[in-house]
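Worksheet for the structure shown next.
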Amino acid sequence: MSIENWIKNEVDTNDVVLFMKGTPAFPQCGFSGQVVQILDYIGVPYKGINVLEDDDLRQGIKSFSDWPTIPQLYVKGEFVGGCDIIREMFQNQELQAHFAEKGIKTGQSA
């Protein structure tokens with residue numbers, strides 16, 4: 001399976017996927033850590049995928065989304081954004097509303 005097919009499968013089979021540096025329990029970059037904090041605060045279940053474990057994955061996710069930076073958040077198969085976009089959406093309550101629109105339960109009210 002090519003890395004693009006593997007990424008597509010992960011995005012398609014998980015409601016919320018965060019491609020990040022490190023893991024949700026141990027983020028290895030500040031931007032990944034910020035997105036983890038936001039998702040944990042909202043209380044949304046998600047799958048964290050560590051791009052540092054595989055250079056093909058690290059490069060492949062950038063090609064897959066046509067987005068140059070990591071972390072990258074996908075919701076119901078759709079690329080939502082990186083750290084700055086996620087932080088801004090969270091501060092404006094748009095991220096919580098986006099999860100609600102997609103039918104994803106959160107621990108915090110939007």
Side-chain angles (χ1 to χ4, degrees):
M1 180 183 289
S2 72
I3 194 66
E4 289 81 14
N5 287 339
W6 186 86
I7 292 168
K8 180 164 178 27
N9 182 63
E10 289 297 314
V11 167
D12 289 346
T13 59
N14 294 284
D15 285 347
V16 183
V17 184
L18 179 63
F19 290 88
M20 62 181 292
K21 293 179 180 175
T23 64
F26 188 68
Q28 292 184 272
C29 98
F31 299 114
S32 292
Q34 285 182 38
V35 176
V36 164
Q37 284 183 325
I38 289 168
L39 295 176
D40 288 349
Y41 178 82
I42 293 172
V44 68
Y46 64 96
K47 180 174 185 178
I49 297 176
N50 184 0
V51 301
L52 297 177
E53 291 179 346
D54 183 342
D55 199 50
D56 287 341
L57 173 59
R58 188 176 183 173
Q59 296 309 314
I61 191 61
K62 294 175 184 179
S63 298
F64 182 82
S65 62
D66 198 25
W67 190 260
T69 59
I70 295 164
Q72 295 184 14
L73 183 67
Y74 290 80
V75 177
K76 295 277 190 171
E78 172 190 7
F79 175 60
V80 179
C83 181
D84 292 344
I85 291 169
I86 299 305
R87 185 175 53 235
E88 187 175 313
M89 287 178 73
F90 170 70
Q91 290 169 341
N92 296 332
Q93 300 286 313
E94 294 170 19
L95 186 60
Q96 297 88 320
H98 186 72
F99 286 129
E101 287 168 18
K102 297 291 185 178
I104 296 171
K105 301 263 188 245
T106 61
Q108 298 280 325
S109 58

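A distance of 10.5 Å separates OG in S63 from CG in D56, rounded to the nearest 0.5 Å. Rounding to the nearest 0.5 Å places NE2 of H98 at 7.0 Å from CD of E101. Interatomic distance, Y46 OH to F99 CZ, rounded to the nearest 0.5 Å: 10.0 Å. Between the CD1 atom in I85 and the CG atom in L95 there is a gap of 11.5 Å [rounded to 0.5 Å].
By the 4.5 Å heavy-atom criterion applied to side chains, F19 and W67 are not counted as neighbours. Looking only at side-chain heavy atoms (C-beta outward), L73 and L39 come within less than 4.5 Å of each other. Between L57 and I49 there is a side-chain heavy-atom pair separated by less than 4.5 Å. Within the 4.5 Å cutoff, the side chain of Q96 has no heavy atoms near those of the T106 side chain.
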Run I61 and Y74 through side-chain contact (heavy atoms from CB on, under 4.5 Å) and show every step you take. CA-CA 11 Å; I61 191 61; Y74 290 80; 3.7 Å; yes
Return a table of donor-acceptor pairs under 3.5 angstrom between the side chains of residues 25-35 and protein atoms on other chains or two or more places apart.
{"unit_1": "S32", "atom_1": "OG", "unit_2": "K21", "atom_2": "N", "d": "3.0"}
{"unit_1": "Q34", "atom_1": "OE1", "unit_2": "R87", "atom_2": "NH1", "d": "2.4"}

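The side chain to side chain donor-acceptor pair (under 3.5 Å) test applied to E10 returns N14, K47, not counting sequence neighbours. With sequence neighbours left out, D54 forms a side chain to side chain donor-acceptor pair (under 3.5 Å) with no residue at all.
Both M89 and L18 belong to a common hydrophobic cluster when Ile, Leu, Val, Met, Phe, Trp and Tyr are linked at side-chain heavy-atom distances under 4.5 angstrom. No chain of hydrophobic side-chain contacts below 4.5 Å, direct or via other Ile, Leu, Val, Met, Phe, Trp or Tyr residues, connects L52 to I7.
Here the shortest heavy-atom pairing between K62 and R58 reads CG-O, 3.6 Å. Of all heavy-atom pairs between F79 and Q72, the closest is CE1-CB, 3.6 Å. Taking every heavy atom of both residues into account, G48 and M20 meet most closely at CA-SD, 4.4 Å. For K102 against E78, the heavy-atom pair with the smallest separation is NZ-OE1, 3.1 Å.
Taking the six-membered ring for Trp and the full ring otherwise, Y41 and F90 have centroids separated by under 6.0 Å.
Remark: N5 CG is packed, more than 12 non-hydrogen atoms of other residues, nucleotides or ligands lying under 6.0 Å away.
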